[in-house]
> 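Let me begin by handing over the structure; questions about it come next.
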Amino acid sequence: MTGRTQTAHSIPADMSMNGFAKIITITALMAGVSLTDVVAADTLTVDLTHTIRPATHCASGSLYGLTETLPDINEMVAPLKPNVFCQAASALSSNQHDFGDGFVVAERLRGTTGSVQFLLADLLPQWPYQWPGQKKWLELVEAVLKRHEESNLTNIDSYVIWNESNETWQESNGDFLKDLWEPTYRLIRRYQPYTKIVGPATSFYSRSYFKEFLTFCKDNDCMPDLICWHQWGSGGFIAAVEDLHKLEQELDIPDLPLCINEYSASSDYEMRKYEGCPGYSVPFISKFERNNVESATISWWFPHLPGRMGSLLTESNERGGGWWLYKWYGEMEGDMTMVTPPNDKSDGLDGFACVNKYWHTASVVLGGNYVGDVDVVFPQLPQWLQGKARIKIERVTWEDKDIPVDGTDLIDEYETTLTGKTFTQSVKVESELYAYRITLTAIDVPRKPYKNTIATVPGIIEAENFDESGQAISYYDTDDKNNGGEYRDECVDIVTTEAKGYAIGYTQKGEWVEYTIQVEETDDYNITARVSDAWELDGFHLYVDGKEITEAYTIPATCDDWSLYEEIGVSTAHLTQGKHILRLQIEGSYVNIDWLKFKPAQYTNITEVLAFAERFTLKDTQFYDLQGNKIATERLRPNTLYIAVQAGQSKLILIKQ
């Protein structure tokens with residue numbers, strides 16, 4: 001519900017959900033009886049080899065979860081890696097709400113994974129919405145669209161044309177589909193051809209309502225990009241999805257992506273207090289992930305508390321137990337995998353899982369309206385996870401939405417050897433309000449050169465041919481995808497060059513890549529690099545076996561758009577014969593690096609020419625040419641000037657003590 005006065009929704013007879021199971025659940029909770037006493041289930045099957053889709057944290061948003069000032073973005077929002085927040089399209093005193101303006105929120109979310117979904121019905125006052133007539137309505141919507149057009153925001157996800165039309169649209173307003181939906185759809189498409197349109201956003205799924213809506217949209221070419229309703233209780237979600245897919249087949253409509261822009265344990269008054277509760281959130285997330293929901297937002301049952309991210313934060317804006325659950329969710333990077341619960345059409349025991357082959361780790365989060373012992377069964381494990389591994393089991397507690405929780409609890413941590421056979425981890429679920437996480441991490445992962453080919457020095461080391469061992473072992477990248485999309489299926493960002501080769505790009509400060517190298521002879525080596533850079537503050541460091549061999553080198557701009565590459569001198573380093581690990585570490589973001597070249601140094605002679613003023617102390621001094629190549633290191637005597645002489649010619653040098 002989004003209005004100021006909220007009441008429980010009545011459920012019609014044709015609603016596709018297990019109403020009886022829902023009644024049992026609510027009755028059992030009110031009586032203090034666990035659903036375990038009704039349905040016994042103690043096995044959760046997690047197939048880490050069956051990936052279902054990339055991790056997007058689809059269910060991590062909330063309705064009116066952010067305001068103009070709340071909460072702190074860096075401390076409370078960014079760590080959750082959120083997806084979509086449903087916000088008012090405008091926040092004036094004449095609107096439904098005078099807080100949480102979607103444009104302001106979108107601006108606050110810059111630099112995070114979060115985006116904003118605009119709820120257009122909030123342009124109107126009162127609850128149910130006071131319809132101003134079609135002409136005035138379209139003027140209000142057009143003002144929002146113009147504001148969108150004039151903004152430079154790139155994180156506006158979608159437009160919800162109306163909210164809970166099955167309850168808030170009055171017959172006296174006219175025909176909902178002809179007088180509101182279709183003309184608003186056309187207006188949005190005129191200004192925003194590609195921004196997603198969401199509908200009908202009803203208060204629950206009803207086959208008869210959706211059949212009428214989809215039939216009209218098909219006949220009048222105004223089909224939403226996302227099909228949407230509000231889900232109260234996770235137990236009825238699967239039946240609703242199954243019925244929707246049958247309806248789409250009957251109407252010869254492709255399966256539409258799903259949006260659940262309000263979800264919570266129930267619309268029943270006694271159940272609203274579980275908003276954001278870890279145990280009751282797990283089955284929602286689990287079912288949304290398995291059924292390809294594109295975005296879902298937690299409800300807003302407490303109108304006096306906007307900006308609490310669906311009760312993940314307490315009334316005093318502290319982290320609650322729900323915040324820690326969604327942080328676990330946000331930490332899932334890679335691919336979501338298949339989890340089979342004992343009963344998918346209930347709000348009981350369920351779980352969601354993710355694998356990250358680059359990090360050599362997998363995790364599963366479990367919970368639900370269930371208390372008792374659970375066997376989490378992994379029937380098969382990916383090859384990269386087999387071998388020595390660390391198993392970690394954690395818990396997040398919850399007592400009340402307004403009681404802060406300082407963090408998660410470590411239950412157990414141990415090392416074992418995983419094989420291709422079934423692995424089972426037992427977990428004791430102590431409360432239906434809690435959630436649990438099991439993390440499996442491969443350890444002692446062997447390092448492998450790219451394609452088992454060791455780079456040799458002297459020679460050229462292609463930047464894109466870093467070792468294969470994975471994230472935090474042979475490289476570190478700040479996100480979990482190859483943003484350049486070229487050459488290798490790894491986290492490191494790889495782009496093409498103008499010479500039809502490859503380079504690492506989209507670099508961020510702190511990232512690094514490593515190479516296994518074979519130095520053929522102990523010697524001093526001049527190092528050059530082929531780079532492209534549009535800024536003058538970018539650079540990198542080089543290390544061998546963990547020891548710095550160059551200072552942070554700042555790269556001059558080579559062009560305005562990273563399209564041109566130049567070979568530049570970096571430094572001179574002394575390397576010893578044998579096998580080593582070379583690390584290239586980024587010190588300034590957004591430099592593209594094609595390759596590094598190591599060439600034996602050819603030193604010029606340092607010749608004393610005349611006595612000079614007292615300028616140098618008696619210590620080792622480094623000589624460089626203007627290309628940055630080190631010429632020599634000499635112990636200078638006081639009162640002496642030195643210059644470099646090569647082939648009988650004087651050469652300008654830089655002297656560094």
Side-chain angles (χ1 to χ4, degrees), residues 449-451 453-468 474-479 481-517 519 525-544 548-573 575 581-602 624-630 654:
Y450 181 62
K451 293 186 176 180
T453 301
I454 298 177
T456 58
V457 172
I460 291 177
I461 299 174
E462 294 288 346
E464 68 274 14
N465 289 345
F466 49 87
D467 288 354
E468 295 180 341
S474 60
Y475 60 80
Y476 169 72
D477 198 273
T478 54
D479 61 27
K481 60 182 178 180
N482 178 349
N483 290 296
E486 301 288 346
Y487 193 62
R488 293 175 64 172
D489 181 21
E490 301 273 4
C491 300
V492 178
D493 310 312
I494 301 177
V495 298
T496 56
T497 69
E498 89 289 11
K500 298 183 179 179
Y502 298 99
I504 59 172
Y506 296 99
T507 54
Q508 297 293 310
K509 183 177 181 179
E511 293 181 338
W512 50 264
V513 287
E514 289 186 343
Y515 310 83
T516 301
I517 63 172
V519 179
Y525 291 88
N526 287 335
I527 306 171
T528 59
R530 189 169 189 267
V531 300
S532 180
D533 186 29
W535 298 341
E536 294 188 354
L537 299 177
D538 303 334
F540 58 85
H541 252 106
L542 293 179
Y543 299 79
V544 168
E548 182 183 74
I549 65 168
T550 70
E551 296 180 349
Y553 183 77
T554 301
I555 298 170
T558 63
C559 58
D560 293 331
D561 59 359
W562 290 272
S563 62
L564 297 178
Y565 287 74
E566 292 182 6
E567 181 178 356
I568 61 171
V570 177
S571 185
T572 301
L575 303 179
I581 300 299
L582 171 69
R583 173 179 288 193
L584 187 163
Q585 181 163 315
I586 303 301
E587 299 296 344
S589 302
Y590 298 109
V591 56
N592 291 6
I593 304 172
D594 186 357
W595 47 250
L596 300 171
K597 182 189 293 183
F598 289 77
K599 184 179 180 181
Q602 299 295 322
Y624 294 85
D625 65 20
L626 291 184
Q627 284 69 49
N629 297 313
K630 187 169 72 173
L654 304 176

> To the nearest 0.5 Å, what is the distance between CD1 on Ile460 and CH2 on Trp595?
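Ile460 CD1 to Trp595 CH2: 5.0 Å, rounded to 0.5 Å.
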> Taking atom OH of Tyr476 and atom CD of Gln508, what is their separation to the nearest 0.5 Å?
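Between Tyr476 OH and Gln508 CD, I get 10.0 Å after rounding to 0.5 Å.
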> Checking Tyr487 against Asn465 for the side chain to side chain contact (heavy atoms under 4.5 Å, CB included) test, could you report, in this order, the C-alpha distance in whole Å, the side-chain angles of both residues, the deciding distance, and whether it holds?
CA-CA 10 Å; Tyr487 193 62; Asn465 289 345; 2.7 Å; yes
> Determine whether Ser589 and Lys509 make a side-chain contact, defined as any pair of heavy atoms from C-beta on separated by less than 4.5 Å.
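Touching, per the 4.5 Å side-chain cut-off.
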> What distance separates Arg583 CZ from Glu548 CD, expressed to the nearest 0.5 Å?
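Separation between the atoms: 12.5 Å.
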> Tell me every residue that passes salt bridge (Lys or Arg N to Asp or Glu O under 4.0 Å) with Asp467, counting only those two or more places apart in sequence or in another chain.
Arg447
> For the OH atom on Tyr506, are there more than 12 heavy atoms of other groups (residues, nucleotides or ligands in this structure) within a distance under 6.0 Å?
no
> Applying side chain to side chain contact (heavy atoms under 4.5 Å, CB included) to Phe540 and Val570, what does each step give before you reach the verdict?
CA-CA 10 Å; Phe540 58 85; Val570 177; 4.0 Å; yes
> Please answer whether the main-chain N or O of Ile494 pairs with a side-chain N or O of Asn482 as donor and acceptor at a distance below 3.5 Å.
yes
> Looking at every non-hydrogen atom in both residues, tell me the closest pair between Asp594 and Glu464 and how far apart they are.
O-OE1, 3.6 Å
> What pair of heavy atoms forms the shortest contact from Ser563 to Ser532, and how long is it?
N-OG, 3.7 Å
> Taking all non-hydrogen atoms of both residues, which atom of Val457 and which atom of Phe598 are closest, and how far apart?
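Smallest heavy-atom distance, with atoms named: CG1-CB, 3.6 Å.
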> Which atom names give the shortest non-hydrogen contact between Tyr525 and Pro600, and what distance separates them?
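The pair with the smallest heavy-atom distance is CD2-N, 3.7 Å.
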> Between Leu582 and Leu584, is the side chain to side chain contact (heavy atoms under 4.5 Å, CB included) condition met? List the steps.
CA-CA 7 Å; Leu582 171 69; Leu584 187 163; 5.8 Å; no
> List the atom of Thr572, the atom of Ala601, and the distance in Å for their closest heavy-atom pair.
CG2-CB, 4.2 Å
> Just to verify, what does Glu486 make a salt bridge (Lys or Arg N to Asp or Glu O under 4.0 Å) with, not counting sequence neighbours?
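Here no residue qualifies.
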> Enter the distance from Ile517:CD1 to Thr456:OG1 here, rounded to the nearest 0.5 Å.
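Ile517 atom CD1 to Thr456 atom OG1 measures 9.5 Å (nearest 0.5 Å).
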> Only distances under 3.5 Å count here; give the side-chain donor-acceptor pairs of residues 497-504 to other protein atoms, sequence neighbours excluded, each with its distance to 0.1 Å.
from   : atom 1 : to     : atom 2 : distance (Å)
Thr497 : OG1    : Ala499 : N      : 3.3
Thr497 : OG1    : Gly501 : N      : 3.0
Glu498 : OE2    : Arg530 : NH2    : 2.5

> Got a donor-acceptor contact below 3.5 angstrom from the Thr507 side chain to the Tyr590 backbone?
yes
> What pairs with Phe466 under ring-ring contact (aromatic ring centres under 6.0 Å, His included), at least two apart in sequence or on another chain?
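For Phe466 the ring-ring contact (aromatic ring centres under 6.0 Å, His included) partners, ignoring immediate neighbours, are Tyr475.
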> Looking at Leu596 and Ala529, what are the two nearest heavy atoms and their distance?
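Scanning both residues, the minimum pair turns out to be CD2-CB, 3.7 Å.
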> Any donor and acceptor pair, going by atom type alone, linking the side chain of Thr528 with main-chain N or O of Glu567 inside 3.5 Å?
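Not confirmed, Thr528 side chain does not pair with Glu567 backbone.
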> Applying salt bridge (Lys or Arg N to Asp or Glu O under 4.0 Å), can you list everything that pairs with Glu462, at least two apart in sequence or on another chain?
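Per chain and number, Glu462 pairs via salt bridge (Lys or Arg N to Asp or Glu O under 4.0 Å) with no residue.
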> Decide yes or no for Ile527 and Ile549: does some side-chain heavy atom of the first lie under 4.5 Å from some side-chain heavy atom of the second?
yes
> Just how far is it from atom CD1 of Ile586 to atom NE2 of His541, taken to the nearest 0.5 Å?
11.5 Å
> Can you check side chain to side chain contact (heavy atoms under 4.5 Å, CB included) on Val492 and Trp512, steps first, answer last?
CA-CA 9 Å; Val492 178; Trp512 50 264; over 6 Å; no
> Can you name the salt bridge (Lys or Arg N to Asp or Glu O under 4.0 Å) partners of Glu511, sequence neighbours left out?
none
